[in-house]
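I have a structure here, written as structure tokens, and I will follow up with some questions on it.
Atoms within each ligand, like the ligands themselves, are counted from 1 in listed order. Owing to the predicted nature of the structure, the values given are computational and were not obtained by experimental measurement.
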Amino acid sequence: MTDQKKSDQATSSEKPWGGRFSEPTDAFVERFTASVGFDQRLYHHDITGSIAHATMLAKVGVLTDAERDQIIEGLKGVKEDIEAGRFEWSVSLEDVHMNIEARLTDRIGITGKKLHTGRSRNDQVATDIRLYLRDEIDVIAEELARLQAGLLDLAEREADTIMPGFTHLQTAQPVTFGHHLLAWYEMLVRDADRLQDCRKRVNVMPLGAAALAGTTYPIDRNLTAELLGFDRPTENSLDSVSDRDFAIEFCSFAALLMTHLSRFSEELVLWTSAQFDFIDLPDRFCTGSSIMPQKKNPDVPELVRGKTGRVNGHLISLLTLMKSQPLAYNKDNQEDKEPLFDTVDTIKGCLKAYADMIPAIKAKADNMRVAAKRGFSTATDLADYLVKKGVPFRDAHEIVGKSVAFGVAESRDLSEMTLEELQQFSDVIGEDVFDVLTLEGSVQARDHLGGTAPNQVRAAVARARAALK
Ligand code: ARG
């Protein structure tokens, strides 16, 4: 029998809670109920929380200073063991918390057993997840800001580039490519706001709730909260050990972020197709086909679009996990970790891919221009022109409709007709009509806050850069 197997079959009396049990846990049940396989990623935050807890216990006189120092030294040693790959995680010790505590006691002896005074794994795990998520939120916020900055640079570069704007995926009116990219940017601004808002509710400390009702020791929760950088301790012990709203909020932020990245992805996939051919994605973000030598597939956007499904799924998992739980802690809550961890990993990967890829996008301005012309995208401009000459809007709409029908029959855009041809439909049309029928005239005319005119795009980029700092 290997050492690992032996340690996995520790008898119930070797378990920290083994006192009241008369037979060992069923081997399958042990594996079935263990979380150490996935919650070991919390080791760093578990140890940080324990050091703060021991520091507080010494401050209020529950531990001596010497015991505190021994515990802290021991925990640091455990951390070194984990980071050096010397730590053998044991399934029989169920989770990260009991594994670390057992190893602490192996290292420093009986004092190790005092660490768990005045707390429970229920408030401990809730604290660990919050510490973990707070750190991940800060990393994610930075990566999101990197993507936002890249989008602003690209939008500025493409402020004058004209493309067709779409409704119903039919050519509608010309817009600048920079303006389109700033629409993406706005979605990310809301995501970044939501993330920071979520962080406020992540950053409160449940420790001290103990199993559910609080503890009989004279703990100082404000001190522990301060040591751990929490904004404050939570208010109610029952809520503290059972609340996973913060994880649901995070997953909801993530699902919406992924929904946005998925929408961007859909457009990138369309734009790289031979049918649109609006942009070029550098080869390093694409892959080929094993059978069709000509293929260059936009795998990164496709995969991001695909990963949206699992992130949305994790949100539903957590909502469903919580919906029927009575107060306070239930073992169900152990199921919060894998969806949360996978959400964190997935959005970090997607954000990195996007932040690297966006600045590398090359617009094919000539193709965008041809497409913008092809769809009579300045038809509304002609109607507005007629209205400004005194024609009622409904009549103007009719006149332009007839002009477009003529253009369709002749395979010519409005700007390619002669003045005489246009005047067949209305005699108020003059030579100045060509100022509004060009693509440049059309985008430049939408020169107000939030409009597509190139100078509005540049102004919006400047405002956004200032806000992003
Ligand atoms: N591994 C557990 C979890 O992830 C830790 C808390 C267990 N508490 C208990 N009383 N069984 O939620």
The single option from Lys348, Arg310, Lys337, Lys307 passing salt bridge (charged side-chain N to carboxylate O under 4.0 Å, His left out) against Asp342: Arg310
Residue and atom name of the nearest protein heavy atom (relative to atom 11 (N) of ligand 1), distance in Å to one decimal: Arg121 NH2, 3.5 Å
Centroid-centroid under 6.0 Å between Trp271 and Phe264 rings: no
Check: Tyr329 N/O within less than 3.5 Å of ligand 1 N/O: yes
Arg130 to Phe246, cation-pi by 6.0 Å centre distance and 45° axis angle: yes
For atom 8 (N) of ligand 1, the protein heavy atom that lies nearest, with its residue and separation: Asn122 OD1, 2.9 Å
Per-atom contacts, ligand 1 versus Lys337 - under 4.0 Å to a heavy atom: 3 (C), 4 (O), 12 (O)
Proximity of Phe341 and Tyr132 rings by center, below 6.0 Å: yes
Aromatic plane relationship, His180 with Trp184 - under 30° parallel, 30 to 60° tilted, over 60° perpendicular: perpendicular
Distance-only N or O hit between ligand 1 and Lys331, under 3.5 Å: no
Sidechain-backbone polar pair: Thr234 side chain, Ser240 backbone, donor-acceptor under 3.5 Å: no
Atoms of ligand 1, numbered as shown, that sit under 4.0 Å from any heavy atom of Ser35: 1 (N)
Those atoms of ligand 1 less than 4.0 Å from some heavy atom in Gln334: 1 (N), 2 (C), 3 (C), 4 (O), 12 (O)
Proximal atoms of ligand 1 relative to Asp95 (non-hydrogen, under 4.0 Å): 1 (N), 2 (C), 5 (C)
